[in-house]
Amino acid sequence: YGALGVATERIMDEGDMIEPATSWFIGSVLQEFNSTNWFKLSATSVDAPSQMDQEYDYSRSSSLSGMSEPWEDIQVQGKLGLTWNRSGEDSDNSAVQLDAGYFPEMFELNFRYQRLGEDFLPEKLGYFQGNGEEVWSVYSSLSHEVDGSLVDDCWMGVNAWYSTDMENRNAGSGVHTWAGAVSPDRYDLNVWGDYKDRWFDRYEGPEGRWYPAGFSGGLSASTDYRKPLAGWVSLNRSAYLDAQTRRFSLGLRIKPVPELFINAEPAIRIQDPATRYNWDTEQWELTDSDWRSLTLSATWFLNSRMRIRLNGQASRFERNWSTDESSYISDNLWANVLYSWEYAQGSWFHFLAGEVQDEEEAPVFTVYAKLMRFF
């Protein structure tokens, strides 16, 4: 069992309330009989008392989930969720997910049904999109140990799903396939492909919009991470609305000594012109984007219980619209250092100091500490 309560103070800006003072709570109880037989009950609550010109507001949620293995290699799992909000209807405020699968060694087959009610809205505890949808899906994968001179292990899988909204419009049905292999000297190769049927996005524009079917695919490869010098590469081309995106990333890991890892990863993502609704101009426009980044990190293991990690990233994002006034460029630079110490078995102390700078704004410096004790 566990519980967490947090109180956040009111945030003001030049006399205006940006965020109200709010109390947050989450609690859960978990009973495990073994790894495949258990049940869990959870509940959350968000309360913002009446303050300034804002009325009292609240959001509640609860969930019940569990898993059972009635027969060997057969697992059944279920989830039920409910939400209540002060503003909004509660006539269709439930969410349910049911899974039934067959999981013998080296093979998986799972069937899933999911329904998210139109009024199931837990968004006060985070971002949520997808209520008002019903999804049927099947997932299957197969792996095989080859133990040959060129291939040591290989795998493949397929995932198909059929999704509709409450008006029986296609909300994203499709098929995803993948395959991969690893050599005896730990060289890894993966390929994947997607087909997404014509679908309706009810969140795009004032009345939603239909988007065409499309294909996506990509590949990734990596070398042996155990070696002093290792690397990886990833190439992807994906359907995005009525356009395409292309992504390329490259990684390099250097291990000069066993206790030190240094990583560098440049990445590029380019989106072709796609039709989207510009909420600033309240009209449909073409938009494209270009994102480039360089991520650097280093981890130094002082001993078996203590390590220091340095992280940093420089990125540039450019969004272009048909209306030049809506176009923008965002530059971001951040770096931090994290010290971690396992002072007792399962108990950790973390200390983080870092700085973030967006475009020409003044850098923001943050210090964060966390102490965990396992009993």
Side-chain angles (χ1 to χ4, degrees), residues 11 13 18 126-127 188 190 192 216 218-225 227-241 243-274 276 278 280 286-302 306-340 350-370:
I11 299 177
D13 182 19
I18 306 301
Y127 176 76
D188 193 290
N190 287 274
W192 64 273
S216 304
L219 64 86
S220 61
S222 63
T223 65
D224 189 354
Y225 289 103
K227 298 296 181 61
L229 181 63
W232 61 95
V233 63
S234 176
L235 300 167
N236 297 284
R237 183 177 178 88
S238 304
Y240 174 74
L241 302 181
Q244 293 280 329
T245 62
R246 300 179 301 279
R247 179 182 174 90
F248 169 77
S249 62
L250 179 70
L252 179 67
R253 167 176 285 186
I254 303 173
K255 188 168 61 172
V257 293
E259 298 82 12
L260 178 63
F261 296 87
I262 302 174
N263 293 330
E265 184 173 359
I268 299 175
R269 179 185 179 276
I270 300 174
Q271 173 218 307
D272 294 335
R276 291 196 64 183
N278 189 337
D280 293 332
L286 286 177
T287 177
D288 61 80
S289 65
D290 187 317
W291 178 77
R292 302 166 188 265
S293 73
L294 174 62
T295 304
L296 300 173
S297 66
T299 304
W300 181 23
F301 292 87
L302 302 175
M306 197 177 299
R307 62 177 179 262
I308 297 176
R309 181 177 176 88
L310 299 173
N311 299 281
Q313 184 186 64
S315 64
R316 178 183 179 88
F317 180 78
E318 180 178 353
R319 168 70 72 182
N320 298 306
W321 290 87
S322 301
T323 305
D324 292 337
E325 293 78 11
S326 301
S327 303
Y328 64 92
I329 297 176
S330 176
D331 294 310
N332 178 267
L333 179 65
W334 63 266
N336 61 51
V337 56
L338 173 65
Y339 168 78
S340 300
H350 300 285
F351 179 82
L352 182 142
E355 192 169 80
V356 178
Q357 182 172 12
D358 289 316
E359 300 179 357
E360 299 180 356
E361 297 181 1
V364 177
F365 183 74
T366 301
V367 176
Y368 177 81
K370 182 178 181 179

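Predicted, not measured: the structure shown is a model, and the values here were computed from it.
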### Query
With distance as the sole test, does Thr223 use its side chain to make a donor-acceptor pair with the main-chain N or O of Gly231 at under 3.5 Å?
yes

### Query
Taking only residues two or more places apart in sequence, or in another chain, which ones meet Asn336 in a side-chain contact (heavy atoms from CB on, under 4.5 Å)?
Asn311, Trp334, Leu352

### Task
Starting at OG of Ser249, measure out to CG of Leu235 and round the result to the nearest 0.5 Å.
8.0 Å

### Task
Please examine the side chains of Ser297 and Arg309, heavy atoms only from C-beta on, and report whether any two atoms are closer than 4.5 Å.
yes

### Query
In Å and rounded to the nearest 0.5 Å, what is the CG to CG distance from Leu241 to Asp272?
11.5 Å

#### Entry: All side-chain hydrogen bond (donor to acceptor under 3.5 Å, both in side chains) counterparts of Asn332, not counting sequence neighbours
Asp358

### Query
Rounded to the nearest 0.5 Å, what separation is found between the CZ atom of Arg292 and the OG atom of Ser315?
12.5 Å

### Message
So does Leu286 get a backbone contact from the side chain of Ser322, meaning a donor-acceptor N/O pair under 3.5 Å?
### Response
yes

### Task
Answer whether the closest heavy-atom distance between the side chains of Thr287 and Ser289 falls below 4.5 Å.
no

### Taking every non-hydrogen atom, the tightest pair across Trp321 and Ser327
N-OG, 2.9 Å

### Query
Would a 4.5 Å heavy-atom cut-off, applied to side chains only, mark Trp232 and Asp188 as touching?
no

### Query
If we only count heavy atoms from C-beta on, is the Val337 to Phe351 side-chain gap below 4.5 Å?
no

### Query
How long is the gap from CG on Leu250 to CG on Leu252, to the nearest 0.5 Å?
7.5 Å

### Residue pairs fulfilling salt bridge (Lys or Arg N to Asp or Glu O under 4.0 Å) with at least one residue in residues 315-335, sequence neighbours excluded
Arg316-Asp331

Side chains of residues 253-262: which donor-acceptor pairs under 3.5 Å do they make with residues two or more places apart or in other chains?
from: Arg253; atom 1: NE; to: Asn263; atom 2: OD1; distance (Å): 3.1
from: Lys255; atom 1: NZ; to: Arg226; atom 2: O; distance (Å): 3.1

### Query
Shortest non-hydrogen contact from Ala314 to Leu333?
CB-CD1, 3.8 Å

## Note on the structure
dist Ile270:CD1 -> Phe248:CZ (nearest 0.5 Å) comes out at 11.5 Å

### Message
Nearest 0.5 angstrom please: Arg246 CZ to Gln244 CD, how far?
### Response
8.5 Å

### Task
List for me each residue that meets side-chain contact (heavy atoms from CB on, under 4.5 Å) alongside Ala335, sequence neighbours excluded, and say none if there are none.
none

### Message
Are the side chains of Trp291 and Ser293 in contact, using a 4.5 Å heavy-atom criterion?
### Response
yes

### Summary
All heavy atoms of Leu296 vs all of Ala264, minimum pair found to be CD2-CB, 3.6 Å

### Results of side-chain contact (heavy atoms from CB on, under 4.5 Å) for Thr245 - residues two or more places apart only
Ser238, Tyr240, Arg269, Gln271

## Note on the structure
Correct closest heavy-atom pair for Gly218 and Asn236 would be CA-OD1, 3.6 Å

